[in-house]
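Below: the structure, in structure tokens.
No hydrogens, no waters, no symmetry mates; every other heavy atom, side chains included, goes into these values.
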Amino acid sequence: MVSRVAIVCLLGAALAVSACDKGSGGDGQAAGGNANAAASADEVPATGAARPDKVDRSHKGEAAPGAGFTTLAGAPATLPELGGGKPLLVNLWATWCAPCVNEMPTLDAAAGALAGKVRVVAVSQDMEPAKARDFLKARGFARLEPFLDEKLALSTAYGANLPTTILYDRAGKEIWRVTGDLDWTGAQAKGLLAEAG
């Protein structure tokens, strides 16, 4: 049991260090610390526009992982169960991830625009669920469906940096994924979301 906890802690630390501040733009940091330097190949520009190489279609047609997570109330959930014959947009985020927090208001707005057409879920990768609950309550997002994944099952299954957003079709097959923050109300995002059908 101790080794399992240690592995989860190490994985969480690795995710925090390796991914989350890319493309945040909040502190003017770009590649090499120079605000005018071009973004490196693995960054999404701070403008919120996903670069073409950040829309990953290499997993197209793959089924959603069956990794388990929970509702805010602690009930078990999986992505295949959540799809239910509708397209599903899954966002992996955490409270300590600046780009995640940056894109959440636009993701909430997109969820409102997609209501009845695409189910939009935000799965927290915080290892302390209380932090995610407090964050969500304070921000009052009205349209996102929040879930908790304190064991990091989904980010591990995807091998994902945060934030990562994945679109599934009605059959539960992946269409694309975007790594990094994006303005989910912008023209590019609307074009991507239209692929849900």
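In this structure, the side chain of D149 engages the main chain of L154 through a donor-acceptor pair within 3.5 Å. A distance-only check finds no donor-acceptor pair linking the side chain of T164 to the backbone of A160 [under 3.5 Å].
By the side chain to side chain donor-acceptor pair (under 3.5 Å) test, R57 is found to be paired with E195, residues two or more places apart in sequence or in another chain being considered. Taking T165 as the reference, N91 meet the side chain to side chain donor-acceptor pair (under 3.5 Å) condition, with sequence neighbours excluded. Remark: K131 engages T95, E128 in a side chain to side chain contact (heavy atoms under 4.5 Å, CB included) (not counting sequence neighbours). In terms of the ring pair (Phe, Tyr, Trp, His ring centres under 6.0 Å) criterion, W184 has no residue partners (sequence neighbours excluded). Listed by chain and number, the residues in a side chain to side chain donor-acceptor pair (under 3.5 Å) with T185 are D183 (sequence neighbours excluded).
Contact of the V120 side chain with the L107 side chain is registered, since non-hydrogen atoms from C-beta on lie closer than 4.5 Å. V121 is listed as a side-chain neighbour of L82, based on a closest heavy-atom distance under 4.5 Å. Counting heavy atoms from C-beta on, the side chains of L192 and V178 come closer than 4.5 Å.
Minimum heavy-atom separation, P80 to P65: CD-O, 3.5 Å. Nearest heavy atoms, G66 versus T78: O-CG2, 3.5 Å. The two atoms that bring Q188 and V55 nearest to each other are NE2-CG2, 4.3 Å, heavy atoms only. D181 approaches P99 most closely through the heavy-atom pair CB-O, 3.3 Å. Contact detail for A122 and L144: the closest heavy-atom pair is CB-CD1, 4.3 Å. Of all heavy-atom pairs spanning L148 and A132, the tightest one is CD2-CB, 3.8 Å.
Within the structure, every pair that satisfies the ring-ring contact (aromatic ring centres under 6.0 Å, His included) test and touches residues 140-173, not counting sequence neighbours, is listed here: F69-F147. Identified under the salt bridge (charged side-chain N to carboxylate O under 4.0 Å, His left out) test for residues 72-95, with sequence neighbours left out: none. Each ring-ring contact (aromatic ring centres under 6.0 Å, His included) pair with one or both residues in residues 101-136, not counting sequence neighbours, appears once here: W93-F135. Counting only residues at least two apart or on different chains, the salt bridge (charged side-chain N to carboxylate O under 4.0 Å, His left out) pairs with a member in residues 94-122 are D108-R143, R119-E145. Within the structure, salt bridge (charged side-chain N to carboxylate O under 4.0 Å, His left out) contacts touching residues 159-176 (residues at least two apart or in different chains) are E174-R177.
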Open item on the list: Set out, in order, the CA-CA distance, both residues' side-chain angles and the distance that settles side chain to side chain contact (heavy atoms under 4.5 Å, CB included) for W176 and D56, then state yes or no.
Closed with: CA-CA 6 Å; W176 48 253; D56 181 358; over 6 Å; no

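How far CG of N161 is from CG of L92: 10.5 Å, rounded to the nearest 0.5 Å. Atoms CG and NZ, from L114 and K190 in turn, are 10.0 Å apart once rounded to the nearest 0.5 Å. Rounded to the nearest 0.5 angstrom, Q125 CD and E150 CD are separated by 11.0 Å. The CG atom of L136 sits 7.0 Å away from the OG atom of S124 when rounded to the nearest 0.5 Å. Annotation: the span from C100 atom SG to L162 atom CG amounts to 5.0 Å, rounded to 0.5 Å. Atom CG of residue L193 and atom CG of residue L167 lie 6.5 Å apart, to the nearest 0.5 angstrom.
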